[in-house]
Structure formats: structure tokens, C-alpha cells
Chemist: 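A single structure is presented below for examination.
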Amino acid sequence: MRFVLTKIGLLLLTLWAAVTLNFLLPRLMPGSPADAALAKLAQNGPVSPATKAAIEAQLGVPTGSMFDQYLQYLGNVATFDFGVSYTFFPQPVAGLVAAALPWTLVLVGLVTIIAFIFGTLLGVLAAWKRGTWLDTLPTVGGTFASAFPYFWTALLLLFFLGYVAGWFPTSGAYGRGTTPEFSAAFLLDAIYHAILPATTILITSLGGWILGMRSTMINTLGDDYVTFAEANGLKPRTVAIRYAARNAILPNLTSFGLALGGVVGGSLLVERVFAYPGVGYLLYTAVTNQDFPLMQALFLIITISVLLANFIVDILYGILDPRTRR
Amino acid sequence: IDVDSKSDNTGTEGSMLVAADNGSPTFEKNFNPFSTSKRVTATYMYEPLQVVNTLDGKSTPFLATGSEQVDAKTLIYTIREGVTWSDGTDFTPADVLFTFNLMKEVPGLDNKGVWQHIESLEVVDNTVVFHLLAEDVPAASIIDQQLIVPEHIWADVEDPLTFTNEDPIATGPYVLGDFTPNQYKLAKNQDYWQADKVAVEELILPAANSQLDVVNNGYDWAYAFITDVEGTWVNANQEHNDYWFPPGGTIALVPNLTKAPYNDVNFREGLSLALDREKIADDAEQGYVDAAGQSGLLLPNQEAWLSDDLPDGGEIAQDTDAALAAFEEAGYTMDGDKLVDASGTQLAINIMTANGYTDWLQGLQTVQTQLGAIGIEVTLSQPQPAAYQQSLGNGDFDMAMTGFGGTGSVFQDMNLLLNSEFATPIGTTTTGNFGRFSDPQTDALLADLKASTDEAEQKTIAAQLQQTVYEELPVISMFYGGLWGLYSDENYTGWPTEEDPYAPPNTYNSTPLLILTNLEKAN
Amino acid sequence: MSATDTEAPAATLLSVQNLSVVYEPTGGEPVHAVSGATFDLGRGDFVGLVGESGSGKSTLGFALTGLSKPPARVGGGSILFNGVDIAGMSSEDLRVQRQGGFAMVLQSGMNALNPVRSIRNHFYDIFAAHGHIGRGEREARAIELVGKVELPAGVLDRFSGELSGGMRQRVSIALALSLEPQLMIFDEPTTALDVLVQHAVMNTIRELQKSEGFTAVLISHDLGMVLEVTERVMVMHNGLIVEDRPAADVLASPQHPYTRMLLSHYGDPRAEIVEVPGLAARGPKRAPEVSHLKTDFVPVSAEARARAAGTEGVQRREGRAAREAIVVSNVSKIYPPPRRGEKPVRAVNDVSFTLEPGASMALVGASGSGKSTIAKMITGVEHPTSGTITFGDLQVDRIKRRSLKRLHTEVQMVFQDPYSALNPLHTVEYTLTRPIVNFSKLRGRDARRRMLELLETVGLTPVEQFAARLPHQLSGGQRQRVVIARALASDPQVIIADEPVSMLDVSLRAGVLALLDSLRETWGVSMLYITHDLLSARLVTDQIMVLNQGAVVEEGATASVLQNPRDEYTIRLLDAIPHPTTPTPEHN
Amino acid sequence: MTLTDKSPDQKPATDVAGPAHPLGVLWRAVTTIWSVPKARIGVVMLGVFVLGALFAPLIAPYSPTNNDFGRSEDMTAAHLLGTTAAGQDVLSQVIYGARVSVFVGFIAGLFSTIIAVLIGLSWGYLRNKTADVINFIVNLFLVIPALPLMIVIAAYLQNGGIGMIILVVVITGWAWGARVLRSQTQSLRSRDFVTAAIFSGESSGRIVFREILPNMTSLIVGSFFGAATAAILAEAGLSFLGLGDSTTISWGTMLFWAQNSNALLTGQWILLFAPGLCISLLATSLSLINFGVDGLSNPRLREGAKR
Ligand SMILES: Nc1ncnc2c1ncn2[C@@H]1O[C@H](COP(=O)(O)OP(=O)(O)OP(=O)(O)O)[C@@H](O)[C@H]1O
Ligand SMILES: Nc1ncnc2c1ncn2[C@@H]1O[C@H](COP(=O)(O)OP(=O)(O)OP(=O)(O)O)[C@@H](O)[C@H]1O
Ligand SMILES: [Mg+2]
Ligand SMILES: [Mg+2]
């Protein structure tokens, strides 16, 4: 259990560093929250002098020494109090994030796992059938597709499948005029809306898994225990899965954890294109509106999610690989 | 590739699809009319005393039946009778009194700064009398526009600043219908005091209104800048789709008058003469707006105020020779293809704009090219909007792109542009006159204009102010920023147009009330 | 090629006719790894297959068990197993055949187990694949099988990483056994194992073969071992089976020159006089003369040696007042525990000795006995936990990084593995020039001349050609010579050779040893020779120290210690050496 | 995957020269990569982009900022890819756009590789507490999601521009390479030839830079291309979101303007398609080249490939 404890210690330390980084970033930024809100108003016409005062009074500008602010911030973060959003004043940031998080978690989480499983399977297949079209097709396709920018894939899908063909809804996570609820009809609706964004993430992230798995798998196929397993007359499927793939997947698991960060970033662009109400879009909104409390909370949440995912992968690795236990 | 336009009106018969409110990407429920982040349509439900048409400054009575400027310091509003709140309670002058006093109590609510004009107010019979702080005729238009809230609800609100007012009780033509995070509806208020004028039974407001949506999904009304409006919006429904882009403000370059060489009027004149405003307007807004004159007025909206003494109605044509002559006066001469100062260094100008304001940016790129052509090196800086706003307010810039005017009131426009009251020292924040123009004579003119109740006199003063803007160049006007109204007369007719500019076509603020009470069902 | 067709067909289990195997790597030229192999194996035979590295032994073994995979291809001939040709069999038929058919224990048995599957699962996978053991009996059968290879039932729950090399090798044998094969091929089952463990594993195999009665092929490059355990020996050379005769016959009268060469390099370190071609006879007394060091492997002419010695080296040697001894007294080294919660490792325990100038001393012991640790401490790479090491006025045990360079001008190291001791990206010239530049004043053309001299000294001629080569263009023996040349470049007084030949073939081994020995003779350097190979210790050293678990258990003159070992550990080490017959047959 | 271990003595000794001139090393790198067919395709593709970027003024029919043409024109002979909503020639913009992508990819790749190499090497070589600190920092940078961090930083930094994008890409991009290089350094450090170099009297610096570093060439080059790819995609993403400097002509900003002016609405799908495809192709070319870098630090593979 020492292994797990060190991991947890490291997790907490990283968390602290991320939180602190997050505290510092907006304080390096020019312009006060009121300026930001004012700039937003000014886009719709001139702002009277009184307005600025009113806005400042509304938002409440932070006071006290840096250190006091830091302590207060740590306390707030610990109690999930991220302050009030500027853009959605007076909504508390925590509520906004809580509303957006499930969408991203489900979309990105599920799709990433699907992509990982699917990509890994294709990679195993490609390595096992090396030299055949089952190898060439996913390898070449994967190389190419993984070079697509997320948002570009999203735009093309949106245009061709959403508008020209009209097969899929083009924006949102559920139909206009419906309220999220737990019902079969809503679930279906949500799935229907998730198809295009999900496909985008799938297309762009699948290639990496295929290529990664294929190359580790080819390496393990050359390992002696695979040859020995064959020499002992094990069924080819057993050899491929329990011996070669089972071992090849381990290094890929680590990259899975790390790649999550990339996928979360990619989903931000995808969410933007599809107006998907997840944390990515919210972060975009926060950025374009200079909504620092929201931005901070979102960045923190995203970092923590990736951290946690990595932590879980680490632990999983320990379980799957007896070599790291002990 | 051609995309078929399809009418995808999800509402029932008599409803109207409006692209007015964009969720980011979903809606938060906030109908607090004082909040800066309220749902846009709060202004369709809460009414002001009078709606000011920002195009010409004319007021239309709403909760007041009229106002009277007794003298330059006293203003009397007669409050409309027979109006009820949407919960059935009667609307009374007390509500008006309450609303204004609430803002005095909680200054954070006073977005328009009414209490900078009012000394006190009182209810007399069915009127509300405003006693102003000074002789202040233009104050009327500010008081006019204040949205009135019901006392019986708001008196109990603990913190009106953070109150999200999820169940709005108002007097306006619409009440809140179904609300979901990505679409909500406004239903017609059947008890509305001028219900007979309201033709649209239901407004549908989706959260996502991408331009693809607007063009393809059969919207009735949208406010959006759209590329190639003829080829897209109009083309989607040739018969019914139409647009009107009246000017809504003047986009200008503000030189920082506290800095050399920007404080040299010859220098500013050189810049002004070097620019081809037609081309800039064309590049920035794709030909939908006109180049701006140098009168300081928003034309043609304020045509009536335009001084006859300005040559060409204030318009300044590009004249490179004259520009160079002006620069020579300012101490800059042409050396090869560079404009250099006495020491031989090339004239370099930095112009600030806000990141993300793409139309301005495109206009500025043309400015860059045009000034480059006479040997001036122009760099652009694009801080994020908040930082831009801060620099602008603090006077931390060389030249900045910004907008002015468009309040509908000539006094307001000129005051914000020229009053030295706003010319705070560099480093302190101001909200107008960012270039720090300061001239006692102009200040005196503005004070006179503020106190004048005589229209002829007002015009005379305004003409003098225009002369100042024209000669002193505190800003270098470039083009009129447009109001991007798109509408379809397939279901409803009676939209404001150039011929009948009874209201600006925007979907925000109170002017939509004018439109919503003017539309009629298309046969 | 000797024919085996005289045997009765009924007793024949495997009949190989004219088998050839080709490697056809993509983009590369085909390699004919096995050509025209023809032989029969009878039931219950125990046959040895010997030959130097790369001669095609494993390739043949793979072909016999139907394991040839691309780029290998059976190019022709037939393999009749019980009368059925397995060369043309479908892979599924072949797979099914493995149960009760043929099994192979791989060369690198250390890695033959899946590190993330428990040993039990390895057994169960095999049982499941062939279905020859009912579900209920699996556990019992697995315990029985590990018992056969002398392992406790507890190993079933472990993972390969938790087992020692010898245990892993036994597990793979047990796994192969679980197929109940009629034919078992052991491909170098004991390489990479400690001498003592090697011995034990070989014994297990021998016992098993007797008790189970399967036909066995033992692949090895160690002729001595094969002769000791098998009845019949096949010798492979360059893909051809050059000799195939009963073991006794081979031993008595080897026919093929290659076999003779192999045999001639075999000796018993316990013998009165031990001699190997190319190396001086080492009897009870030191042979005084080195001039008879004639060998095909070390073309070091006396002239070349004179030339090499005649420049820098001699000048420096002459300028040196007195040669120094390395004095090691009461040295211990304790490594921190490898994992939390374990005990610290006492790698070296209170060792004292003096390496006199010009002396050659052997340091022997099983794996992990602390030999390399001593070498590292003497060369200043590691600092001892306690005790002192001095070299002249240098306090080696507390040496600073700065004085390290001074130490290394006098004390140099020859590394065990010539494959990893040379940077694959540097030419021989670069590798050799660096120490010359660092340790002498020679620069530019002079440095190059010295470099070429060194190459000549170690017999890599034509020198110009070798100077330009990259390591991968050299054979193992040639690489080891470069490593030696590099050690000589600073003209050291002491050379520490840490198992310098363990990675080399027999044929190359003697050459390198002879070279080391001759250099010591000519240059007068002292040498600490570290090895677990007692024969080579006997061949090149005068004194010996036997190390067990970090402590010296026996020391003295090499010949006398090996002939009359007193310590039990030394005796075990000596017993582990295969001895096909008593005293080595005469040769020459 | 092992190649034939041909008896080395039979090989002519002259066919490979030692590590010669730096230019020679470069040339060898190019020929090594060239010898792998996949990488060869990548080199050709990259070459086209680089040449296009270098000679943009010669190739492009118009200045990319010249907006004197009709707006949103279709593809014609005068404008092979049509014009933008601002009246600029799309083809010229695509050609000039290569400059930013190639530049950003190269510079960001270079800097993050340099940082990765410096940190990875020292981290792998050190055994003391400093290594733990570096370990922590690298792990931190590894898990912090790059694009969100970039977006947040981009929002915080005042003036969006290429410099900012490069900075941000470098800040977020070095950690992965550092980690890979660390483990390689660690494994190389324990190899005998490194110890042997100490015995040869080599200084630490020389050991690191002449013995260890060259053996990692393929990894370093690989991580350079990896970082460059990431930088190109990041630049495109940030520009597309409008967080860069929208006045520069890059494929990312082209997509931004195309989206901004609703190119799809006006039927100008080429405006979206062309720059996006270019980004993909450039990134693909780098991935393809990456297939060929294995031979760089393995002379055996190098020769094997030559045949
Ligand atoms: N995959 C391969 N591709 C090409 N050639 C190969 C391949 N594997 C082995 N060879 C070559 O085939 C020949 C025989 O190899 P093999 O492994 O059978 O030798 P061996 O006698 O078992 O040697 P060792 O004692 O080192 O195990 C060698 O020359 C080797 O280089
Ligand atoms: N750096 C180290 N840290 C911890 N323990 C070590 C270290 N180096 C060696 N040891 C341990 O010290 C003991 C002696 O190791 P050493 O390498 O000296 O053995 P050896 O006699 O050279 O063995 P071999 O014949 O296998 O080379 C072993 O138990 C080994 O595990
Ligand atoms: Mg072999
Ligand atoms: Mg050792």
C-alpha cells in the first residue's frame, strides 16, 4: 500500500501546485474585473461613468495582501467556493461548472475510452496481421487522421453531415426546448446530439492509439514469452490477447492517462464548434469575457480531472502489472 | 454547395423565432432588469417611462403618458393609469418612486447613473416630479429609459444586486413562458395595457443562433452582422427576407492629446487627410455602412442638427498632398518613402484595438496600409477587451480605435466626447473623452446646451460644437457602426425601415418594445 | 556427413531429410542458416547439438518444432515426426500436435515467462489449449510438474519477476513437460545462469530425461557439457552438420577440424598442466618463456610488440621510479537496501589483498559474490563503506573526481561485454584516440600514430582499415581487442579485467586471453582477472582468490588451489565444471 | 525486427565514415531519413511546404493582404481558390500561411526540444535531490492539460501574437520529451561505454555530449518533430479561437476569418477546406518523417536501410 500512499502524496502535491498556479495567473493580468464587464457593455453602446461604479459595486473587487488573498483562495477552493461569475453574474461559478461538467465528462470520457479500446483493438489487429491490409489501412488512416486539427474535423462534419445532409443536429447537447431529465426520450435525444462531437473526437484521437498499440504490440510479439507460448501450443487467440496484447497494453495505459489532457483540450475546440454546453465551451466563454473566476475554476477542474484520471491509471497499472507492486 | 433553406419554426401558430439572446452556450435564468448579465429579453417585459429611439432621440410614452420639462431643473412625468403588473396588481406612481429610490439605496443598480442627475423625486397625484441637481435638460432622456419594477415584489428582495428574479413580474407586452437551458419562450401578456397592438402571441428564443442557424432555420428577426447579406440571408428567402443596417454610433481613432505629436492639431489633420474613409468603411463593414463625417454627429440620424457651416457636410476626402503639407507643419517631412521627423527617424504610430473586434481590425488594417503609403509605420496592438478598456480609460495608448455617440441625444454624444470633466489625469480612469480633450470654451458651450430648453438655441450651440470637432479633431471619425437588423415579413410585417425609422432594428434594450407593438400579422 | 539410416525405422521418432532454412529479411540478403541437414532421432535418444554462436543451432531447433516464423522459411527437405511431415502442416494441426508431440525450451528461458501472468496461469493456459488435463486435476498436475523440476508448489502463485533465473528456467522446463512431449529440445537451457545453478539445472534435465524417457536434443555451444550429458553429438558449423556421432567417439577421435578445434579449447582447470592452443602451458611452475605463444588468433609479432613498446610506453615505463602495488585492506561495501523494508546488501565483506606489480591474480566466485564491486572500488568508481585501498600515494577509497583521472592513467579496466563497452556511434579511431589525448601529451598526428600502434599491439591489422570501423562492423573478438587497446592507451600499471571473455565464443576466447597474457608479459603490467570461469583463471593467472558472498574463502597459487581445494564452496564451483572424461584427451 | 547479423568482418571497412563534420552529420541524418520510404514521402511533403513558405512572395499570385478584389468570389482563373470575405486572394493566403505554421512549428519545436534535452539529460544524469524536484516539475507539466493552459495564458497575456503562441507551446510542450530523454539517459548512463569513457579520462561534459547525446539522436529528432506537430496544431487552434493575432496570415487565422465571415454560408467551403487540409498535411508530413528517425542513432539500421 506504500505504493498507493506515495501516489496519493504526489497527487496532493501536484494538486497544490496547480491550485497555486491558478491563483497567480489572473493576478498577472492587466485590467480589473470591472473593466472586463465594462468592455462587454461598451460593445453595445457607450457606457455612462456611473455604470462603472455600479459594476464595481456589483462584482466586489478583491482586497487584502497577496498572502491573505492566497489563504482565502485556498480556503475557498477547499470548500468549492470559486466566487461569482462576471459573465453570468450573479451565478456562483461552482453551479455553472457543475452544470457543464457532466456533459464534458460523459462526452469526452466515454469517447476517449471508446477511442482507446477501439484504437487498441485495431492496433492489436494490425500488429497481429502485420503486412496485410488489416495492418496498412488502420496505420495509414491513423497517421493521417491524427494530424487533423480537432476543430477542422468538427467543422467539416458539422457542415456536411449537419447542414448539407441534415442528418444530425448542429448545436447543443439536447433538443431545443427540452430540459435535462432522466428519461429514455431525453437520453436518446442527448445521444443523438452527441454523435457529431463524439465522432470528431473519435476520428482525431483514434489514430494515436492505433499507432501506439501497434508498435508496442509488435515489440511484445518478438518477446520470448510469446514464442514460448506458441511453442507450447496455446491457441493463437490466447497468445495474441493474454500474452502479447495484455503486456503491450501496459505502456499504452500510461500514455492514456497523459493523453487525456490533450483530449480535454481538443474537446474544448469541438464544444466550441458544436455549441456543446460542456466545460470547454464555458472556458471559451470565460476567456472571451475575461471572466477570471470562471476561468480559474474551469482550468482547475480540468487539471484536477486529468490528474485524477492519471492517478487512477497509475493505480490500475499497479494492479495490472505485478512488477510494479511489491 | 447549396444549403436548402427550411422553415423550422418550432413554435405554434402566431409565434415568432428571434435570434436575440445567445446562451454561452446555454441560458442562465436571470431576469433582474438591473443586472448587466440579465437575459436580453428582460427589457421586453419591464417597461421604462418612455422609450427613446436612439436613431433620432425621440421619446415614445410607455409607463408615462408624457413628460413635461417645467424648467431646466424640474421634470414631471404623468404616469399611465390602468396598467397592471403581470400578477394582476395595479401599477402605480409609487412603483416609479420605489424604483428610483431603490437605486439610490443600492447604487450598484444604477447602471445609467440617474442619480447623478436627480436630486429628489416625489409623487404628486398621478405624476412623478423629478427635481434635478442642476439645469439639466438632457437628463430627461436618461430618466425616460429607466425600467420600472414592482414595489410589492422588490421591496422584499433581500439583495437586489444578486437577485436573479426567476419569475419576472412586469408590465410589458410579454411574460416569461417555458424556460429551458437552450431555449425559452415569451408569451403575450393578455392583460397588457396596449394588448391590441401586440400581434405576436409568442416569442421563441433559442440559445444557439449561429449564422448558419439564422439563415437556414426560418428566423423572423435577428440581430447579426452577416457576411454577404444578400447572398445569404436574403437569398435564403428572396421574397420575404430583408435587412436594415442603420448607423448606431461613430467608430473613430482617438489620439491621445496628452502626448506629442498627437497633441499637435496639424499632425491630427495630416492623419485625417491621409485616410480614405470610404475604403476603410468598406473594408471594415463590407460596404454596409457609410464613411463618417467629422461633425461628431451620427448621420443621417441627426441630420437635423448638422451645421450648415461645415464644408461638404463635415465630410473629409482623402488628400495626400494636403496631408503631407499638414505633416510638414507638424514637423514631419518626406524622406524617400518615409515620413521622418527633424532627427530623421520614421514616424511610427501605434493604434490600439480590442482583440476579437474583427470588423474594427479589418478597418485598421486598411488604415495601416493607407498611412503606410505615405511613409508612416503603423503597428497595431490588440489587448483582450478588458485590458483594452483599462488602457483606454487610463489614457495608456497612443491612438485607439473606439466608438462614440449613438445615445440618440446630441448633448450626451457631445458631452461624452468633449467635456473636460472626463479629461482626468493620465493613469486615472475615465469613461468618456478618452483622448483628454480640454477646452474651457467648449465646456461652457456644453453647459449652455445642457441648460437650454429652446430647440433653436440648442442647434446653434450644437453647430459650434461641431465646428470644434471638425477643426480640433479630438477624434478622427472613420465610419458609422451599423445596427444589423435582419427580418422576415413572411409572418409579420411592420418592421422599421429606412423609410419608416420609428425604431432601431436591434433586439436589445427597450427599443424592441417599439417594434413589438408595431408589428402586424402578415395576412 | 555420417548416415544414420542404419537404425531401425520403428525406433525412429524424428527423421530429418535434407532440411534447409533460409532467413529472408525484408530488404536484406537471404541467410542460409541451415543447409541440407539430414539425421534421425530415435525414441529416448539424448542428442547434443553444438556449434559456435550463429552456426544455426537455434534455427534448426525452431524448424524441428515447427516454430519457424518469418523471415525464417523452411527452404526445402522434410521433417517426419512419427512419419508425418510437419513442414507442410497447417498451423492448427501443428498446434494440436504439440501435446504429446514436441516441445522446446527456449534459449533465453529467463524471459520465456509472461511477467504479468502467474506461473499457475501459464500451466492452466497450456492445459486449456490442449484439454488433456481435466479441470479438476489441473492444480494437482501443475504441482506435480513443478515438483519434477524440484520446485515447491508455492511458485505457482508467483510471477516470473519474483523468481530467480534458475527457477524460471526450471519453470519453463516444467511447462514444456506439461505437454507430455515425445521430443524435447533444450536450446541452451543454462546460458546466462550462474555456474552453480547451471550445474543444478543440467542435472535436473538429465534426471528428467532418464525418468520420463522422452527424446531430447540439447543445444549448446559448450562441447564439454554436451559430451558429459549426451550420448550422441551433432556438431554444426556455418549451417552444416559437420559431425554426427556417439559422444564417446567424438571425444576420442574428432573427425572434422572444427570439432577438433572446439575440443582443443577444452581443458580441466584441475589438471596438472593445462594447455590450450595459443596459450602458454600453465603447470605448477610458471612457464618462463613467452615466445612460444604462437597462435592463429593473436598475430602480435615480436616486432610489433617491440615497436609498440618502443615509443611512449617504454619511455614512460622507464621514467617511472617504482611500480606500485594495489593494497586492499579490510574493505567492505554495503549497498543501501534495494527496496524499502529489506536489508542492506553486504556486497563485499572485509576483503584484504595486495596486487603486486607484474602479478596476475584471479578473482573467482559465483554470480553476485562481489567480484565486480571489488573492481569498482579499486578503480575508484565506488567508494568502500569501510577499509582502505591504496595505490602508491593515492588513497583510492576516498578518491575525488579530480584525482580519478590520475588513478586511471595507471589503473585501467577491460570490460566484460564488448558489445556495450563501445559506443556504437564512434569509430575505433575515436574510441582509442580519446584516452591518448586525455592521458598523454600526444596530439594530432602523433596521437594517431600511437592509436595505430595500439591497434597493431592487439593484432587488429591492417590497422588503417580497423581504425575507420564502427563497432558493429567488428566481430565480438575484435571488439574485445579494441576494448583492451583502449585500456592500454594510457599505458597503465594495472589492468582490471572484469570477465573479459564471458561474452565471447570459445574460438575467440583463447585469442583474447592469450593477448591479455602476452601483454602482461611484455608490458609488465599487473592484472586482476575477474571471472567465474575457472579454466580461464587457471590459464592466465598465478594467484587466485575465491569469493563467496563478499568474503574471501580461499586464496593461493592458482594451480594448487584448483587442484587441492580446501573450502567447500571452491569444491562446489569446481564440481560444476563439466568433465566428460577424466583428464583431457591428448591432442596436438 | 532484428536485422541480419552478418559476419561483420566481411564488410568493406570503408563504407561508413566516423562522426565527421557537423554538416556531414546533418547530411547523414537526411540520407538516413530519406532511405525510409514513409519518411521519404514526409520529407517531400515537408519540402513542398518549406519551399512554399520561403518563396511565398515568388509563388503567390498576389499579396495576401491585398483586399482590392471582389468579396467572397468563387474560384476563377484569376483567383484559383476564390477570394475571402474581405476581398483577399485565398490561394495567396494559403501560400503565405505556410510561413507562420512552418515558423511556429520549427521555432517552438526547437525550443521545447532544447529545454527537453537540457532537462532530460541533467535529470537522467543526476542522482540527488535535484532529480526529485525536476521529477515533480515535469510530472506537473505532464498532467496540466496543454490547450486549456494555453488558452488561459493567451487570455492573460496582453498582446496575442506568434511570439505568445510559441512561448505557450514551449512552456507546455517540453515535459514529454524531457521524460522520454531522461529514461533513455538513465539507461545509457549505465552502459559500459559510458563508464569506459570515464576510464578514458573524459570530462562530464564530453561524456554527456559526445557519448550519451549522440545515441539519443533519434529520440531528440523524434521529439522535435513531435513538438513541432503539437505547435502547429496549437497555433491553428488558438488562432481559430481568435486568441492569437488575427492580423497575421496563418492557416489558423484563415480558418478564424472563414468561420467569422461564415464561409460555409456563402458556399465557400474551400476557405475552410484548404487551410485545414494544409495543417493536416504538414502535421502528417512530420509524423511520416518520424518513421525514419530510428536509424539516426543506430548505424546498423542505417546500413540495413541502404541496401
Ligand atoms: N531473424 C533473422 N533474420 C535474418 N537472419 C537471422 C535471423 N535470425 C537468425 N539469423 C541468422 O541465422 C544464423 C543462425 O542463427 P541461430 O540463431 O540459429 O544461431 P545459433 O547457433 O542458435 O547461435 P547462438 O549460439 O548465438 O544462439 C545466424 O547467422 C543469424 O545471424
Ligand atoms: N549499485 C548497487 N546497489 C545495490 N546493490 C548492488 C549494487 N551493485 C551490486 N549490488 C549487489 O552487490 C552484490 C555483489 O554484486 P557484484 O556485481 O559485485 O557481483 P559479481 O560477483 O560481479 O556478480 P556477476 O558474476 O553476476 O557479475 C550483489 O548482491 C548485487 O546485487
Ligand atoms: Mg541460438
Ligand atoms: Mg560482475
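Just so it is clear: chains get the letters A, B, ... in the order the sequence lines come, proteins before strands, and each one is counted from 1.
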Chemist: Could you measure the distance from the CG atom of L212(B) to the CZ atom of F159(A)? Nearest 0.5 Å is fine.
Modeler: 7.5 Å
Chemist: For chain A, find which of S210(B), P206(B), G249(B), A207(B) contributes the most heavy-atom pairs closer than 4.5 angstrom.
Modeler: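 Option with the top pair count is P206(B).
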Chemist: Which pairs count as side-chain hydrogen bond (donor to acceptor under 3.5 Å, both in side chains) when at least one residue sits in residues 261-276 of chain A, sequence neighbours excluded?
Modeler: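 Non-adjacent pairs meeting side-chain hydrogen bond (donor to acceptor under 3.5 Å, both in side chains): T104(A)-E271(A), R272(A)-Y284(A).
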Chemist: Taking atom CG of L282(A) and atom OG1 of T26(B), what is their separation to the nearest 0.5 Å?
Modeler: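 Answer for the CG-OG1 pair, L282(A) versus T26(B), is 7.5 Å.
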Chemist: Looking only at non-hydrogen atoms, find the nearest pair between S171(A) and A208(B) and report the distance.
Modeler: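 Looks like OG-CB, 3.6 Å.
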Chemist: Once rounded to the nearest 0.5 Å, what's the spacing between atom OG1 of T170(A) and atom CG of N217(B)?
Modeler: 6.5 Å
Chemist: Is N182(B) close to chain A through its backbone or its side chain, or both, or neither, when contacts mean heavy atoms under 4.5 Å?
Modeler: both
Chemist: So which part of T54(B) gets closer than 4.5 Å to some heavy atom of chain A, the side chain, the backbone, both or neither?
Modeler: neither
Chemist: Show me the pairs that pass salt bridge (charged side-chain N to carboxylate O under 4.0 Å, His left out) and involve residues 30-39 of chain B, at least two apart or across chains.
Modeler: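 Listed once each, the pairs are D21(B)-R39(B).
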Chemist: What do you reckon, is CZ of F80(A) surrounded by more than 12 foreign heavy atoms closer than 6.0 Å?
Modeler: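 At most 12 heavy atoms, drawn from other residues, nucleotides or ligands, come within 6.0 Å of this atom.
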Chemist: Under 4.5 Å from any heavy atom of chain A, what part of D213(B) do you find: side chain, backbone, both or neither?
Modeler: both
Chemist: Compare every heavy atom of E28(B) with every heavy atom of Q91(A), then report the nearest pair and how far apart it is.
Modeler: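 The pair with the smallest heavy-atom distance is CD-OE1, 3.5 Å.
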Chemist: Do F274(A) and P25(B) have side chains that approach each other closer than 4.5 Å (heavy atoms only, starting at C-beta)?
Modeler: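 With C-beta onward as the side chain, the pair stays apart.
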